[in-house]
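Notes for the one structure printed next.
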Amino acid sequence: MEPKYDFAAIEKRWQQTWQNSGIYNVTELSNKPKYYMLEMFPYPSGKLHMGHVRNYSIGDVLARYYKMNGFNVLHPMGWDAFGLPAENAAIKHGVHPDPWTRENITAMREQLKTMGISYDWQREVGSCLPEYYHWTQWLFLQLYKMGLAYKKKAAVNWCSSCGTVLANEQVIEGHCERCHTQVEKKYLEQWFLKITAYAQRLLDDLSKLPGWPDKVKIMQENWIGRSEGAHIEFSTEAGDALPVFTTRHDTVYGVTYMVLAPEHPLVAKLTHGTEFEETVRIFVDKVTKLSAIERTSAALEKEGMFIGAYAINPVNRHRIPIWITNYVLYEYGTGAVMGVPGHDQRDFDFAKKYGHKIVPVVAAPGWDGSDLTEAYEGYEGKAINSPLIEGLNTPQAKERMADYLEEQGLGRRVINYRLRDWLISRQRYWGAPIPIVYCEKCGAQPVPEEELPVLLPTDVEFNPQGESPLKTSASFAKAICPLCGGPAKREMDTMDTFVCSSWYFLRFCDPKNENQPFSRNKTDYWMPVDQYVGGVEHAILHLMYARFFTKALFDADLLSCDEPFTNLLTQGMVLKDGAKMSKSLGNVVSPEDIITCYGADTARLFILFAAPPERDLEWNDTAVEGCYRFLNRVWRLVWQIKARKDLDVPVSEFVEADIELRRAAHSAVKKITEDISSRFNFNTAISAIMELVNTMYAYTALPLTKGALLAEATKLLLLCLAPFAPHIAEELWSELGNKQSIHMQPWPVFDPSALAQHTVEIAIQVNGKIKARLLIPATADAAIIQKLVLEHEDYEVWLNGKTAAKVIVIPGRLVNIVVKS
RNA sequence: GCGGGAGUGGCGGAAUGGCAGACGCACCAGCCUUAGGAGCUGGCGGGAAACCGUGGGGGUUCGAGUCCCUUCUCCCGCACCA
């Protein structure tokens, strides 16, 4: 009788053993090829959730698989530890964010360790630790030196009742989440990173990433939002420049009005002292008070107002009225749009509502010249009512018009991006301080590198009354100007946590370096990350910022690669009852409970078995039990085999059952290898392991079984199981008398000769409908198969009186007899 | 609206254009057991059968869950980008 499968003891013991022997710790000193396996590091909320379990289980299968395949695998873990929840906890419970975060890290590290993931814990990093944010600040200074960090005014969400800036997450339907006051916009000087300088490269280099899902690349492409068009230099009647951006410069003769964003500086200037001033001001106030979410909602009724001024169309000198509206974005293009109601549906609707003329300037194919009932936005038409480009088709008309604008100095071709510069200032405490000081005489000055890190002060107040907690520190603000030595004030803003997470994968290469963020030869060795795994929710921001950082550091000659992640796997969500697990829905399943109840191996196995990684996964408690039962089944099987006395007895004669057992074992190895390496189909890999176990049980039940064959099958079984359920595989491996860890073994190679079959079953079809199945020799070629079928005693029955016109033979699969009807 | 993905048994899901439903869950029957929320064996899309079955309708093909067109539903992302 075998011992009970005591997963708790087994898992704890092996986790300890692995840790003590350091089998997952790596260095650059290796003759193996490197493999950098990375999962997105978590925010240390203090509690592991199922999304983490899924993310890290997927990563661990791959890390262990590549390790067994002879790679020097870097598989690190750390903490994305700055951010709002720590500060909220400080306000709510009066605990300082620093110990709060450190305690969470400790708790989560312990939970993570119970999962038995093959991390090199010696490389652990935490973005909130001075030894880490020292280098976040240093990198900021490099970007500053490169002209990629700059300051300008930008809007923040402001709660006048709390007297504080709110993050977007703290704004609920336009109101402060804490006191429900309507949130206002306030303009503050803030730091930006010039990611737009990299827009084109970020776009172009997506083509260098065949290992990324198309979905993510398309999302990034749309986010960058490149569009080609022209600037056209309209002006006001009074002579102010009023340029517009358009992608349809071929329709410039159809402009019948001009619309400006409410924030456009000309609005105040043009209405100043006129009868329109007051009503326009009220309109502008109303629109600009809306939050970004309300402002850009499609449900928002399009409204506008004439501001009493006129613009001149530079191409035909027509005088057109200038309006303001709530749908023109000040941040995009020039904040002014030429209204062409004939060929833009929004303009058409606006013109209908406010009575602007509609002048068609592109004749759609088949258009009879009657009044338009909607805008024609297509590119198939010919220009009309447009003297310079009359009769040209749209692409030609655009070219001709662009040439004309450039020749006459009335405009030029431009490329516009939707991508905006990255606002990194946070009016918050729990982030990396921005290493800048302000001198009355010398202005903004970077903190000298040797003075880094600029440490977060501890003498701060956390209450929602007033401004950033940093401003309550008595000591923090005081600084000395590095240029003139005079008194200076520190920057009070901290950095967006996305800055910290934009380079952590570089720090993992050299986590203990006290003189640099990372050494060049270490990143040269490890980078780029070979496989990155994480939630698709990071498809845009995190991945875009990390790519931007990598490119900027490449340009600064600090890195040799300009893309950080070669392959990307985006995992689906973990659902319960069809919805994302969340506290508010009360459908959260705690990983801790599952691990306590069934063990980490069961938890890992279930989460990998229930769905392929990219898809959403429906949690199912009884299916978890099924995985637990399966591991018990493996446990009993191996113990049963271990008890045999004939494991070393050589096999001289193979009967059919023996051959089938070997085929099952070797074909399982083949399938599992393919499923892991080329498709990430861990669910089908696991089902192949289950099938092998079923076959092995069936074999052991037969008379005259051979121990040596079972020993071979067991070895292959455990090796294949090792990446998925590492503890039980290790335990059974050691029970079989192996001295070295199973995780140090080479990945098994299947024996092609074991896959050979004597006979195969083929299907007999008539016009694609199955009529029979036939067992035939595997060696039979198409001609022999056809002969066998045509001469088969049931041949006439299959044809049912019809005549065969053609016979299709697919050896090993089927024969399809085509008959006339 | 635009972009992406997905629709297959009671459920999760399998199927390089070639035998639909692997594997597992649930369920049913039997065995074993003092007992079973353990283990073992078998069954398990519909239909009496012929046959019919992969959201609906067309098409390509000897052959379609898979490819093409069209349509519906759901999920995700972006959402007035001039």
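Quick caveat, the model's predicted, so the values are computed rather than measured.
Counting to the nearest Å, the C1' atom of B:rC25 and the CZ atom of A:Phe606 are 9 Å from each other. Note: OH (A:Tyr379) to C1' (B:rA82) measures 11 Å, nearest angstrom. One interatomic measurement links the two molecules: CG of A:Asp349 to C1' of B:rC80, which rounds to 11 Å at whole-angstrom precision. Rounded to whole Å, the distance from NZ on A:Lys353 to C1' on B:rC80 is 14 Å. One interatomic measurement links the two molecules: CZ of A:Arg346 to P of B:rC2, which rounds to 15 Å at whole-angstrom precision. Counting to the nearest Å, the P atom of B:rC81 and the NE2 atom of A:His231 are 17 Å from each other. Between the C1' atom of B:rA82 and the CG atom of A:Asp250 lies a distance of 13 Å, rounded to the nearest Å. Summarising the geometry, the separation between CZ on A:Phe682 and C1' on B:rA22 is reported as 19 Å, rounded to the nearest angstrom.
Nucleotide B:rA6 forms a Watson-Crick or G-U wobble pair with B:rU73, both donor-acceptor distances falling under 3.5 Å. B:rC23 and B:rG12 make up a base pair, with Watson-Crick or G-U wobble contacts both under 3.5 Å. Using Watson-Crick or G-U wobble geometry with both donor-acceptor distances under 3.5 Å, B:rU66 finds no partner in any strand shown. When both pairing distances are held under 3.5 Å, B:rC51 makes a Watson-Crick or G-U pair with B:rG46. Nucleotide B:rU61 forms no Watson-Crick or G-U wobble pair with any nucleotide shown, as no partner meets the under 3.5 Å limit on both distances. Taking a pair to require two hydrogen-bonding distances under 3.5 Å in either a Watson-Crick or a G-U wobble arrangement, B:rA82 remains unpaired. When both pairing distances are held under 3.5 Å, B:rG39 makes a Watson-Crick or G-U pair with B:rC31.
In terms of phosphate contacts, A:Arg226 brings no side-chain nitrogen or oxygen within less than 4.0 Å of OP1 or OP2 of B:rC81. Regarding contacts with the backbone of B:rA82, a side-chain N or O of A:Ser227 is found under 4.0 angstrom from either OP1 or OP2.
Rounded to whole Å, the C1' atom of B:rG10 lies 14 Å from the corresponding atom of B:rG46. To the nearest whole angstrom, the two P atoms, one in B:rG56 and one in B:rG9, are 10 Å apart. B:rA50 and B:rU54: their C1' atoms are spaced 22 Å apart (whole Å). Here, B:rA20 and B:rA14 have their C1' atoms 9 Å apart, quoted to the whole Å. Distance noted for atom C1' between B:rC52 and B:rC25: 27 Å (whole Å). Going from the C1' atom of B:rC2 to that of B:rC80 covers 12 Å, rounded to whole Å. Between B:rG42 and B:rA48, the distance separating the two P atoms is 26 Å to the nearest Å. Remark: the separation of the P atoms in B:rU70 and B:rG3 is 12 Å, to the nearest Å.
Checked by atom type and distance alone, the side chain of A:Asp675 never pairs as donor or acceptor with a backbone atom of A:Phe682 at under 3.5 Å.
Distance from the side chain of A:Trp223 is smallest for B:rA79 among the nucleotides B:rC81, B:rG4, B:rA79. The side chain of A:Leu329 has B:rC81 as its nearest neighbour among B:rG3, B:rC81, B:rA22.
Salt bridge A:Lys353/A:Glu301: present, at least one basic N to carboxylate O contact under 4.0 Å. With respect to the salt-bridge test (charged N to carboxylate O, under 4.0 angstrom), the residues A:Arg418 and A:Glu331 do not qualify. Salt-bridge check for A:Lys286 with A:Glu303: passed, with a basic side-chain N closer than 4.0 Å to an acidic carboxylate O. Taking the charged nitrogens against the carboxylate oxygens, A:Lys217 and A:Glu221 have no contact shorter than 4.0 Å, which rules out a salt bridge. Salt-bridge formation is detected for the pair A:Asp344/A:Arg346: a Lys NZ or Arg NE/NH1/NH2 atom is positioned less than 4.0 Å from an Asp or Glu carboxylate oxygen.
Scanning both residues, A:Val328 and A:Gly335, for their nearest heavy atoms gives CG1-O, 3.6 Å. Scanning both residues, A:Ser57 and A:Arg604, for their nearest heavy atoms gives OG-CG, 3.7 Å. Of all the heavy atoms in A:Ala241 and A:Pro243, the pair that sits closest is C-CD, 3.6 Å.
Judged by distance alone, the side chains of A:Tyr532 and A:Thr570 never bring a donor and an acceptor atom under 3.5 Å apart.
Heavy atoms of A:Gly333 sit nowhere under 4.0 angstrom from any nucleic acid atom. A:Thr334 comes within 4.0 angstrom of no nucleic acid atom, judged by non-hydrogen atoms across all strands. Nucleic acid contact for A:Glu761: base, since at least one base atom lies under 4.0 Å from a heavy atom of the residue. Within the nucleic acid shown, A:Asn694 comes within 4.0 Å of sugar-phosphate atoms alone, with no base atom in reach, counting heavy atoms only. Within 4.0 Å (heavy atoms only), A:Val337 reaches at least one base atom of the nucleic acid.
In this structure the side chain of A:Leu575 never reaches within 4.5 angstrom of the side chain of A:Met581, judged on heavy atoms.
Base orientation of B:rG9: syn (glycosidic angle within 90° of 0).
In terms of position on RNA chain B, the residue among A:Ala623 and A:Phe245 whose nearest nucleotide sits closer to the 5' end is A:Ala623. Comparing A:Tyr332 and A:Ile817, the nucleotide of RNA chain B nearest to each residue sits closer to the 5' end for A:Ile817.
No hydrogens or angles were tested; on distance alone, nothing pairs the side chain of A:Lys215 with the base of B:rC76 as donor and acceptor under 3.5 Å.
By the 30° and 60° cut-offs, the orientation of the rings of A:Tyr257 relative to A:His356 is parallel.
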Tell me, for nucleotides 33-52 of chain B in 5' to 3' order, what letter each nucleotide earns: B for a base near a protein heavy atom under 4.0 Å, S for only sugar-phosphate near one, - for neither?
-> -----SSS----------S-
Going 5' to 3' along nucleotides 6-18 of chain B, which nucleotides have protein heavy atoms under 4.0 Å from the base (write B), which only from the sugar-phosphate (write S), and which from neither (write -)?
-> ------BSSSB-B
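The cationic group of A:Arg633 does not satisfy the cation-pi geometry with A:Tyr628, failing either the under 6.0 Å distance to the six-membered ring centre or the 45° limit from the ring axis.
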